[in-house]
Structures are given as structure tokens and as C-alpha cells.
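Indexing begins at 1, ligand by ligand and atom by atom, following the structure's order. For this chain, numbers begin at 1 and follow the sequence in order.
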Amino acid sequence: MADERFVPRFPADTLDAFALAPLARTPDKPAVVERGASGGVTSVSYRELAQRVEEYAKRLTAAGVRIGDRVVVEGHTSASSIALLLACARVGAVFIPVDPDTPALRLDSIVDATGPALFLHPADGPARTPRDDVPLGAFDADGGITVDRVPPARRPLRRGVVGGDPAYIIFTSGTTGRPKGVVMSHHAALAFYRGTQRFGAVSPDDRVASTSPLAFDVALFDICVSLGTGATLIAVPRAFLSFPRRLIGFLREAEATVVHGVPSLWRPLLRHEPDGVAALGEQLRGILFAGENFPLAELRRLRTLLPHLRVVNAFGATETVACSFAEVPNPLPEDAEALSIGHGYPGAEILLLDEQGDLVDEPGAVGEMYIRCPSLFSGYWDDPDATRGVLVPDPLEPRSGQRVYRSGDLAYRGPSGELYFCGRVDSMVKIRGNRIELGEIERRLAEHPEVTAAVVLALDGPEGEAALTACVVATPTGATRAELADLCRRSMPAYMTPKRFLFLDELPLNTNGKADRKALTALATGDA
Ligand SMILES: Nc1ncnc2c1ncn2[C@@H]1O[C@H](COS(=O)(=O)NC(=O)C[C@H](N)c2cccc(Br)c2)[C@@H](O)[C@H]1O
């Protein structure tokens with residue numbers, strides 16, 4: 001046991017304290033609503049959740065988990081997985097949420113990189129056994145943890161959790177081969193969550209339907225902000241995202257007032273259950289979307305079905321959790337070509353800089369977004385070089401030692417300084433010397449009334465130079481190649497008209513629900 005003489009007297013400001021604060025005021029209010037074993041919905045109150053956190057924390061300590069140890073938690077969002085994440089925060093363990101369908105090789109690379117003290121999966125879920133040298137356990141719904149393979153006994157090094165300690169690591173699909181682990185401290189995550197509260201994304205009487213996978217920081221955001229605000233978090237079963245009718249039924253039964261998630265979650269609902277979406281109007285006040293642009297045609301359609309809907313556009317990268325919020329205007333101006341991503345969240349400032357590191361502030365001028373904020377990540381796990389590449393000295397005063405996040409996102413400002421995202425530095429392609437932003441072509445194509453989504457790829461053409469291929473999801477009445485090519489020719493320079501149009505029934509999505517460009521490239525090049 002830790003030597004009591006060295007244990008700090010005062011508890012640190014950690015995720016679990018923030019998320020369970022409403023316990024003092026509303027102990028019997030539902031904290032988490034999830035699908036019951038026999039269908040229907042069940043609630044877990046703040047008091048019950050806090051008890052489960054306490055129980056898990058005891059079991060983690062008894063299993064020998066120390067402050068700073070990594071704990072891999074495999075599972076979907078549920079009252080138990082939420083309690084387990086908060087218990088890890090309580091004992092100072094760094095939790096690494098992984099999706100149940102994470103491929104085994106990727107799981108191995110995460111385990112190799114982080115050397116977890118424990119790998120935990122749900123007792124009632126499929127027992128996935130990582131390599132046999134990894135300590136393994138199962139967590140059940142009563143706060144129990146059965147450890148099948150115990151972590152080796154080691155001397156405790158730290159005696160108390162401090163706010164700057166890592167709280168979680170999210171592994172992103174790094175563009176290079178090796179996945180990058182974004183290490184986020186309690187303080188950084190809490191700074192973002194508190195900034196969100198000052199923006200007013202969630203109110204205490206909200207029932208927030210969370211639809212993102214637990215391994216995506218939007219899910220962690222939904223959990224911590226909903227709980228910390230004293231609202232109710234609704235864990236939407238992942239399987240329902242591909243069954244629109246069941247999803248609508250669950251949202252109604254759980255009495256969701258807001259739905260958070262990526263834009264693509266709405267595509268099947270708009271196509272197959274428009275009446276169900278409209279019927280949600282009595283209860284649904286708003287949505288928050290993150291991770292990708294919301295295709296305008298789909299957003300207009302959603303607004304037609306739910307005219308009073310508040311729509312919040314939440315923008316940013318996992319390295320700062322996110323960086324901006326914008327209220328999407330209602331009604332959406334007819335001539336709107338792009339949605340603003342707003343301004344830095346309360347407590348953050350976004351700078352636009354050119355390649356020389358000079359401020360770019362005149363309206364319409366494109367610059368790279370540098371984020372000055374209190375929610376900077378600690379670094380990529382065990383990768384100081386990659387960290388140095390994005391956590392850079394403040395270009396406006398390098399001597400201060402202050403660092404900012406170099407986002408790789410490009411944006412320009414509107415008339416009142418609001419930002420418009422216009423692609424990534426690395427999605428800028430050159431074709432015959434012409435600089436092309438693939439996102440601009442995608443937005444143009446998505447303006448066509450019969451197009452619900454478009455992704456443009458720059459693929460190596462036969463003569464070696466890149467050629468543009470547009471992957472288009474059209475409505476059943478469909479848009480023809482000729483119409484779409486004509487739309488591009490009328491609105492962009494000739495070199496931005498895609499050579500090829502690929503019509504698809506739906507876009508392949510990655511585990512986070514974003515358009516899967518790798519899968520689309522394989523489809524487009526016939527390597528699928
Ligand atoms: N709202 C948008 N419109 C358009 N393009 C977006 C939006 N949000 C991101 N992106 C893009 O996705 C990149 C980042 O990807 S990421 O690291 O996987 N993180 C994410 O997607 C999610 C991100 N952590 C986030 C965003 C909002 C709230 C929370 Br809580 C968390 C950004 O750099 C942008 O290029």
C-alpha cells in the first residue's frame with residue numbers, strides 16, 4: 001500500500017471529480033441512460049454511478065494498478081465503461097479506450113507501444129484476449145473486476161494524482177503507418193470541457209444522445225460535459241446507427257433532447273426515416289456535430305424536417321480536444337456555401353498564419369490555424385519528434401516558451417472575424433501546378449439537389465500525374481455525370497472538374513463515422 005506519509009493532503013482536479021460533481025446536488029437524477037438487457041431503456045443515477053466508480057477504483061488498486069499506469073478499456077459507451085473510465089481517473093491510471101472491433105494487429109501495436117498494466121473488457125462481451133503477456137481482466141455491471149492475469153507487483157512511484165498527469169490516450173489513425181497516441185492531461189481536457197460549458201453547448205436539463213465510439217474523443221466529451229453539467233447522458237447502441245427505425249425508436253424512448261455525433265449519422269435517417277426524424281420534433285431541441293463538414297443539402301433537409309433545431313458545429317483536432325464552436329444560423333442563408341466554424345472556444349484563440357508565420361487576418365485570406373489554448377495535449381505517446389512538429393513555439397513570441405498547436409487546418413475569416421474551414425494543408429493537391437483544395441470541389445458537388453454527399457480523391461492517373469475522381473452518393477432520382485461535370489465547369493476552374501465520377505449507394509465510413517478515404521481509394525482504383 002502507498003505509504004500514507006507521502007500521500008498529498010488535497011485531491012487534484014481530475015476528470016472524475018468534474019464528472020461526479022452533480023452528486024452533491026442531484027444524487028438521484030439519472031446520470032446515464034442505456035438500453036436495457038431486454039430492450040427498453042434503463043437509468044443509472046449519479047449516486048449509483050458514483051458507487052460503481054468507487055467499487056471499480058478499489059478493484060483497480062487491489063489489482064496493483066498504480067498512478068501513471070496505462071489501462072486499456074475495450075468497450076462501447078455504457079454506465080459501466082463510463083464508471084470504469086472515471087475510476088481510472090480517480091486512481092490516476094491513464095485509460096486508453098479501444099473499440100471492440102479494433103483489428104488485432106492494431107490492438108497489438110497499441111499494447112506494444114504503451115505496455116498496459118491491465119487490459120479490461122466487458123464481462124458480458126466477447127472476451128478478446130490480447131497477447132498472453134498482457135494482464136487481463138473483465139469488468140461487470142456491479143463494479144466488479146475479475147482479473148484473469150494479474151499485473152506484476154511493482155513499487156508505487158507516485159503518491160498522488162496531479163492535474164497535469166495524463167488522463168487518457170486516444171490512438172488516431174495516423175496518416176503514417178504507426179498509429180499516434182494523443183496523450184491528454186486532466187487539466188487540458190477539463191479546460192476544454194469548462195470552455196464548452198461557458199459556450200453553453202449542453203444545459204442541465206438536457207438528455208444528450210451520444211453516438212460516437214468510446215475510442216473517439218467526441219464520446220469522452222459527451223460523457224464528461226453531460227455529467228459535469230448535471231445533464232443525462234444517453235448511450236446510443238452502436239448497432240442502431242445502421243437501423244434508422246430502431247434508432248428513432250430508441251431516441252424517442254430515451255427522450256433525447258439533443259443528439260451529438262458525426263454528420264454521417266444522419267444520412268440513413270434522412271433517406272429512410274424522414275417522418276421519424278420529423279416526429280422527433282416534439283422532444284429534440286438540437287444537435288451538435290463534429291469531425292467533418294455537414295453536407296449542406298443534408299443539413300437543409302434536416303432543417304426542413306426539424307425547423308426549430310439548434311445546430312452547433314464543433315470543430316477541432318484531438319490534440320486540443322477541439323478548438324471552436326459555431327451556432328449554425330437558422331434559417332441557413334440560401335446562398336450559404338460553407339458553414340462557419342465560429343471562433344475559438346471560450347478561453348482559446350485561433351491564429352491564422354501564412355507559411356512565413358505572419359498573421360493573415362484580412363477577410364477571405366487563407367491561413368493555417370494555430371491554436372492558443374489551455375487544452376493542448378501533452379504530446380504523442382513516445383514520439384517526441386512528431387510532438388515537436390505540431391506543438392510549436394508561439395510564432396508571435398517564440399522566446400516566451402509558450403507553445404501553440406499547429407493544426408494543419410486551413411481557414412479564412414468572414415466579415416465579423418468568424419472562421420471558415422477550407423481543408424487541410426496535406427489535402428492540398430497540385431495538378432499541373434494548380435493548387436486544388438479537394439474540399440471545395442466536394443462542397444460544390446454537394447450543392448446539387450440530387451447529391452447527398454461527395455468525396456473527391458486525387459489518384460495517380462495513367463500518365464503518372466494525379467487525376468481527380470469524385471465519389472458521389474446521389475438520391476434515387478440521381479444526378480448524371482454530365483450534370484455534375486457541368487456544375488463544376490460553371491463554378492470552378494477547368495482543372496478542378498473531376499475526370500471520373502463514381503456513383504455509390506453509400507459512403508464507406510471509418511470507425512469514427514467519417515468518410516473512409518482509404519476504402520474509397522481502393523474502390524476507385526479497383527483494389528477493393
Ligand atoms: N466540425 C468539423 N467540420 C469539418 N472538419 C472537422 C470538424 N471537426 C474536425 N474536423 C476535421 O477533423 C480533424 C480532426 O480529426 S480528429 O483529430 O480525428 N478529431 C475529430 O475529428 C474530433 C475532434 N477531436 C472534436 C471535434 C469537436 C468536438 C470534439 Br469533443 C472533438 C480536424 O483537424 C479537421 O480537419
Side-chain angles (χ1 to χ4, degrees), residues 77 97 168-175 179-184 188-197 199 201-202 208 210-226 228 233 260-265 287-296 298-299 311-328 338-342 344-345 348 350 368-371 373 375-377 380 386 390 405-411 419-428 437-440 442-443 446 453 455 509-517:
T77 302
Y168 64 76
I169 305 174
I170 293 261
F171 274 87
T172 60
S173 48
T175 39
K180 289 188 297 196
V182 176
V183 181
M184 194 54 78
L190 290 174
F192 178 78
Y193 300 154
R194 290 185 171 117
T196 307
Q197 290 182 311
F199 171 78
V202 171
V208 182
S210 178
T211 62
S212 294
L214 195 57
F216 194 33
D217 60 346
V218 180
L220 302 181
F221 162 83
D222 293 343
I223 293 164
C224 292
V225 172
S226 303
L233 189 280
H260 287 192
V262 291
S264 58
L265 89 95
I287 69 166
L288 175 143
F289 72 88
E292 257 186 340
N293 284 325
F294 206 125
L296 285 184
E298 291 183 331
L299 187 58
V311 178
V312 172
N313 181 3
F315 181 97
T318 299
E319 284 85 345
T320 61
V321 187
C323 65
S324 72
F325 291 103
E327 299 280 355
V328 174
L339 296 177
S340 172
I341 59 172
Y345 70 80
I350 296 172
E368 182 176 356
M369 293 168 66
Y370 284 67
I371 321 298
C373 70
S375 59
L376 294 176
F377 75 130
Y380 295 116
V390 297
Y405 174 60
R406 176 173 191 178
S407 72
D409 284 325
L410 297 168
L419 288 162
Y420 291 82
F421 169 61
C422 58
R424 302 258 324 149
V425 176
D426 43 32
S427 86
M428 189 58 71
E437 175 40 56
L438 301 176
E440 183 181 344
E442 291 166 359
R443 261 199 307 285
V455 172
L509 302 174
N510 67 17
T511 45
N512 287 343
K514 296 188 182 187
D516 186 337
R517 291 172 176 276

Could you tell me whether the side chain of [Y] reaches within less than 4.5 Å of the side chain of [X], counting heavy atoms only?
{"X": "Thr320", "Y": "Phe377", "answer": "no"}
{"X": "Leu339", "Y": "Asn293", "answer": "no"}
{"X": "Ile341", "Y": "Asp409", "answer": "no"}

Worksheet item: With a 4.0 Å heavy-atom cut-off (strictly under), which part of Asn313 contacts ligand 1: side chain, backbone, both or neither?
Response: side chain
Practice prompt. With sequence neighbours left out, write down each residue that passes salt bridge (charged side-chain N to carboxylate O under 4.0 Å, His left out) with Glu292, or none if nothing qualifies.
Written response: none
Worksheet item: Quick one: which of Val225, Ile170, Thr77 gives a side chain to side chain contact (heavy atoms under 4.5 Å, CB included) with Leu220?
Response: Ile170
Worksheet item: Taking Leu288 as the fixed residue, which of Val312, Val311, Val208 is the one that meets the side chain to side chain contact (heavy atoms under 4.5 Å, CB included) rule?
Response: Val312
Can you check whether [X] has an N/O within less than 3.5 Å of an N/O in ligand 1?
{"X": "Phe192", "answer": "no"}
{"X": "Ser407", "answer": "no"}
{"X": "Glu319", "answer": "no"}
{"X": "Asp217", "answer": "yes"}
{"X": "Phe421", "answer": "no"}

Item to complete: Would you please test Ile371 and Ile350 for side-chain contact (heavy atoms from CB on, under 4.5 Å) and show each step?
Response: CA-CA 5 Å; Ile371 321 298; Ile350 296 172; 4.0 Å; yes
Discussion item. Could you go through Val262 and Phe216, starting from their C-alpha distance and side-chain angles, then the distance that decides it, and tell me whether this counts as side-chain contact (heavy atoms from CB on, under 4.5 Å)?
Written reply: CA-CA 11 Å; Val262 291; Phe216 194 33; 4.0 Å; yes
Worksheet, complete the sentence: Only residue of Phe199, Phe192, Phe221 satisfying ring pair (Phe, Tyr, Trp, His ring centres under 6.0 Å) with Tyr345 is Phe192
Discussion item. Below 4.0 Å from ligand 1: does a non-hydrogen atom of Phe216 turn up there or not?
Written reply: yes
Item to complete: Examine ligand 1 and decide if any of its atoms is less than 4.0 Å from a heavy atom belonging to Thr172.
Response: no
Could you list the atoms of ligand 1 found under 4.0 angstrom from a heavy atom of [X]?
{"X": "Ala314", "result": "1 (N), 2 (C), 8 (N), 26 (C), 27 (C), 28 (C)"}
{"X": "Phe221", "result": "30 (Br)"}
{"X": "Arg424", "result": "33 (O), 35 (O)"}
{"X": "Ala322", "result": "25 (C), 26 (C), 27 (C), 28 (C), 29 (C), 31 (C)"}

For [atom], what's the nearest protein heavy atom and its distance?
{"atom": "atom 25 (C) of ligand 1", "result": "Val321 O, 3.3 Å"}
{"atom": "atom 2 (C) of ligand 1", "result": "Phe315 CD1, 3.4 Å"}
{"atom": "atom 15 (O) of ligand 1", "result": "Lys514 NZ, 3.0 Å"}
{"atom": "atom 19 (N) of ligand 1", "result": "Thr318 OG1, 3.2 Å"}
{"atom": "atom 23 (C) of ligand 1", "result": "Gly316 O, 3.1 Å"}

Report the member of [options] with the shortest heavy-atom distance to [atom].
{"atom": "atom 34 (C) of ligand 1", "options": "Asp409, Asn510, Val262", "result": "Asp409"}
{"atom": "atom 3 (N) of ligand 1", "options": "Glu292, Lys180, Met369, His260", "result": "Glu292"}
{"atom": "atom 6 (C) of ligand 1", "options": "Gly291, Ser324, Ala189", "result": "Gly291"}

Worksheet item: Taking atom OG of Ser212 and atom CG of Asp222, what is their separation to the nearest 0.5 Å?
Response: 6.0 Å
Worksheet item: Roughly how far, to the nearest 0.5 Å, is the CD1 atom of Ile223 from the NE2 atom of His260?
Response: 12.5 Å
Worksheet item: If you look at every heavy atom in Ala219 and Ser210, which pair is closest and at what distance?
Response: CA-OG, 4.1 Å
